[in-house]
Amino acid sequence: MTTTGRPVDFGARLRLEHDRGVCPIFAGYGCAAGALRALAPVWAGRTVFLLSTPAVGRLHGAAVRAALEAAAGRVVALEAPDGESAKSVDHAVRLWREMIVAGGKRDSVLVALGGGSVLDLGGFVAACFLRGIDFVHLPTTLLAQVDAAIGGKTGLDLPEAKNSVGAFRQPAAVVADTAWLETLPAREIRAGLQEVVKIAAVLDRGFFERLERELDAVVAGEPAARAAVIERAMALKVEVVEQDPYERDLRRLLNFGHTLGHALEAELGYQELLHGEAVAHGMLYAVRLARARGLDPTVASRIEQLVGRLGPPPLPALDASALLARMARDKKARESGLAWVLPEAVGRGGVHESVAPELVSSELARFLGLA
Ligand code: NAD
């Protein structure tokens, strides 16, 4: 996506520069039509595989398909189930086979339209198909717009552990139209906003304070407040990924809440809790760990309050030892043990590799109401 070595951003609002070029990121209310037109050079003359789900396809698929058909060589529809079950090896294999049969080539493009599950699956399928084809993310959940669509992490789940198979590969472009969120259930909006709280809590005090002031308007769907908060969260993620694309350092902060969060999701069979809700519980637990290691209680309670305002559902009864075993299998774990992202101040987090396993298990028992 470069001409004469100069990155092309197609007039997008944000851009993510990476080692293979630039990813233009279109964002804002009603931006999709213009963005898909601006990206015409990406579709021109190529086979475009449009991957979506029954629910998202029904709501938003026709307009996207029409826009692609106006510019692409041809459009081939692919489907994955709604929700986390899309992220399976079986679906990836099925899609690769469908793409081969449909005549996919090295210069085909995959467009993933949907939530983070479809984007993670679609990105992985594209990253491996014929050793890698271009893909474009069209995130339709709040969570996917602020987080999953940006940064090039693709992946699948195994029954044993979430996101345990995957690859880093940047999308060729991202189009995040906040008008798509109008059809999203309120519970999904609140869960997605937990990832916004996460990024603010570890990276940006001013943004955290803005959320404290504006969260209710954003939840209620006030278009300007919502679009502005989403764009700020996206911009923060872009900054982090540009500095640390392969998660060796700064990007690890974005795993705040995810160590226990992923274990909860897997332990509950990816059923009872939405991803953002599991992350919310993971953040509450990490705050508890941090408090036990001396975090200022007022900082702890501000984070707890903001997470709590988004109302994560209560946890069911859980087995602490099973969760500990899952956390040990987490993809973020190193041979030396788990690294914890803990809040250190409002808007500042740190990666801690010296958290005593005894503290992790005793605080987990208390967190689960078992001690
Ligand atoms: P999801 O993709 O499972 O979608 C949730 C539900 O919302 C689905 O039933 C979907 O059909 C429906 N939906 C999507 N868009 C809709 C719309 N506009 N209107 C109505 N319904 C709509 O959930 P999610 O929260 O978007 O994504 C969670 C996944 O993202 C997890 O697997 C998580 O691991 C992954 N993730 C990845 C990254 C990354 O960097 N790659 C970052 C964060 C999360």
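Counting convention: from 1, in listed order, for ligands and their atoms alike. Here the structure is a predicted model, which means the values were calculated and not measured.
Of all heavy-atom pairs spanning A32 and D177, the tightest one is N-OD2, 3.0 Å. Contact record, I199 with A233: CD1-O, 3.8 Å, taken as the closest heavy-atom pair. Taking every heavy atom of both residues into account, R252 and D244 meet most closely at N-OD2, 4.3 Å.
At least one heavy atom of G83 sits less than 4.0 Å from an atom of ligand 1. At least one heavy atom of D120 sits closer than 4.0 Å to an atom of ligand 1.
Under the 3.5 Å distance criterion, with hydrogens and angles disregarded, no donor-acceptor pair is assigned to the side chains of H18 and E242.
In summary, D296 and R291 do not engage in a salt bridge, as defined by a charged side-chain N under 4.0 Å from a carboxylate O. Remark: R226 does not engage E222 in a salt bridge, criterion side-chain N to carboxylate O under 4.0 Å. Ion pair R210/E212 not flagged as a salt bridge, since none of the NZ, NE, NH1 or NH2 atoms sits closer than 4.0 Å to an Asp/Glu carboxylate oxygen.
When hydrogens are left out, the protein atom nearest atom 11 (O) of ligand 1 is D82 OD1, 2.2 Å; that is the closest non-hydrogen contact. The nearest protein atom to atom 28 (C) of ligand 1, hydrogens excluded, is given as L143 CD2, 3.8 Å; this is a heavy-atom distance. From the protein, the heavy atom lying nearest to atom 19 (N) of ligand 1 is T183 OG1, 2.7 Å. Ranking protein heavy atoms by distance to atom 26 (O) of ligand 1, first place goes to T141 OG1, 2.5 Å. The nearest heavy-atom contact from the protein to atom 6 (C) of ligand 1 is E188 OE2, 3.4 Å. The closest protein non-hydrogen atom to atom 43 (C) of ligand 1 is D147 OD2, 3.5 Å.
Every atom of ligand 1 with a heavy atom of G115 under 4.0 Å away is listed here by number and element: 2 (O), 26 (O). In summary, the atoms of ligand 1 found under 4.0 Å from a heavy atom of G116, numbered by their order in the structure, are 2 (O), 24 (P), 26 (O), 27 (O), 29 (C), 30 (O). Of all atoms in ligand 1, numbered sequentially from 1 with element shown, those under 4.0 Å from a heavy atom of E84 are 3 (O), 31 (C), 32 (O). For ligand 1, the atoms sitting less than 4.0 Å from at least one non-hydrogen atom of K162 are 31 (C), 32 (O), 33 (C), 34 (O), numbered in the order shown with element in parentheses. Close contacts between ligand 1 and K153 involve ligand atoms 40 (O), 41 (N) [criterion: under 4.0 Å to a heavy atom]. Atoms of ligand 1 found under 4.0 Å from any heavy atom of H60, numbered from 1 in the order shown, are 18 (N). In the vicinity of S117, heavy-atom distances shorter than 4.0 Å reach the ligand 1 atoms 1 (P), 2 (O), 3 (O), 27 (O), 29 (C), 30 (O). If you number the atoms of ligand 1 from 1 as listed, the ones under 4.0 Å from a heavy atom of L59 come out as 19 (N), 20 (C).
Comparing K237, R58, H262, E247 against atom 40 (O) of ligand 1, the shortest heavy-atom distance belongs to K237. The option with the heavy atom closest to atom 36 (N) of ligand 1, from among G114, A148, G152, A86, is A148. The heavy atom nearest to atom 16 (C) of ligand 1, considering only L184, D157, V279, L254, is found in L184.
Judged by distance alone, the side chain of T154 and the main-chain N or O of A167 form a donor-acceptor pair under 3.5 Å. With hydrogens and angles ignored, the 3.5 Å screen pairs a side-chain donor or acceptor of Q170 with a backbone N or O of G151. The main-chain N or O of L368 is never found under 3.5 Å from a side-chain atom of Y285 such that the two would form a donor-acceptor pair. The main-chain N or O of E160 is found under 3.5 Å from a side-chain atom of R326 such that the two form a donor-acceptor pair.
Using a 4.0 Å cut-off between heavy atoms, V56 contacts ligand 1 through its side chain alone, with no backbone atom that close. Counting heavy atoms closer than 4.0 Å to ligand 1, residue L119 contributes nothing at all. Contacts of T140 with ligand 1, taken as heavy-atom pairs under 4.0 Å, involve both backbone and side chain.
For Y29 and W180, the ring centers are positioned 6.0 Å apart or more. For F135 and H137, the ring centers sit closer than 6.0 Å to each other.
Below 3.5 Å of separation, one finds no N or O of T154 facing any N or O of ligand 1.
Residue F208 is grouped with residue L250 when hydrophobic side chains (ILVMFWY) are merged at heavy-atom distances under 4.5 angstrom, including chains of intermediate members.
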